[in-house]
Amino acid sequence: MGASRIGVLALQGAFAAHAAVLRELGADVREVRVPSDLDGLDALVLPGGESTTMSRLLVTSGLFDAIAARLADGLAALGTCAGMILLAGEVLDGRPDQRCFGAIDITVRRNAYGRQVDSFETDLAVNGLDHPFHAVFIRAPIITHVGAAVDVLAEHEGRPVVVRGGNVMVASFHPELTSDGRIHALFLSTFQGV
Ligand code: GLN
């Protein structure tokens, strides 16, 4: 099998850092800005950034419906922070016009870690990784509900922070901001079947 073709949603946010980690892992990476960029992709990564802005740009670019259709067809996806909010089934404390794909059965609350700890870093035990992952949380959402078919791969202080449902995986922090590619590798393994 050739290198996986991975799209990185590149409307706003930390897309360049994701692309760099994925290229390091040998993926064939394409930045996604218009619907035709989705053609032939094996998976899509939705980065951190600002979910309300990304939601608006997704609609104006015509990408929202195109991505929704590919996700409904089973396209694998990784969402981090704002990207997790976009993939969620329900968003609390969102803007009224904010949209989400409902690709994974979770509810998230935006900016829920609170002002005094808007950003923090911690070492997390993650199922499938043999030693802790250094996780960077930036104005992170909290996962407040996880559906029965969703697996929790990591928790922080009793709350899920990495979860997977089918071939959709999300993290409330930014695995692309460290030089450790193991979360991305774990994601690639979920649909490459390795
Ligand atoms: N607070 C942001 C939002 O609501 C997410 C923050 C991030 O992606 N670092 O979209």
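Counting convention: from 1, in listed order, for ligands and their atoms alike. One-based numbering along the sequence shown.
- With values rounded to the nearest 0.5 angstrom, Arg164 atom CZ is found 6.5 Å from Met169 atom CE.
- Here Leu177 is tied into one hydrophobic group with Val136, Ile138, each link being a pair of ILVMFWY side chains closer than 4.5 Å.
- The closest side-chain heavy-atom distance from Leu38 to Leu63 is below 4.5 Å.
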Contact table, ligand 1 N/O with protein N/O, distance under 3.5 Å:
residue	atom	partner	partner atom	Å
ligand 1	1 (N)	Asn111	OD1	2.5
ligand 1	1 (N)	Arg139	O	3.1
ligand 1	4 (O)	Ser51	OG	3.2
ligand 1	4 (O)	Arg110	NE	2.6
ligand 1	4 (O)	Arg110	NH2	3.1
ligand 1	8 (O)	Gly49	N	2.9
ligand 1	8 (O)	Gly49	O	3.0
ligand 1	8 (O)	Ala82	N	3.0
ligand 1	9 (N)	Ile138	O	2.9
ligand 1	9 (N)	His174	NE2	2.8
ligand 1	10 (O)	Ser51	N	2.5
ligand 1	10 (O)	Ser51	OG	2.8

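- Pairs passing the salt bridge (Lys or Arg N to Asp or Glu O under 4.0 Å) check and including a residue from residues 44-61, sequence neighbours excluded, read Glu50-Arg110.
- Closest non-hydrogen pair, Val163 versus Ile104, comes out as CG2-CD1, 4.0 Å.
- Partners of His156 by ring-ring contact (aromatic ring centres under 6.0 Å, His included), not counting sequence neighbours, listed by chain and number: Phe120, Phe137.
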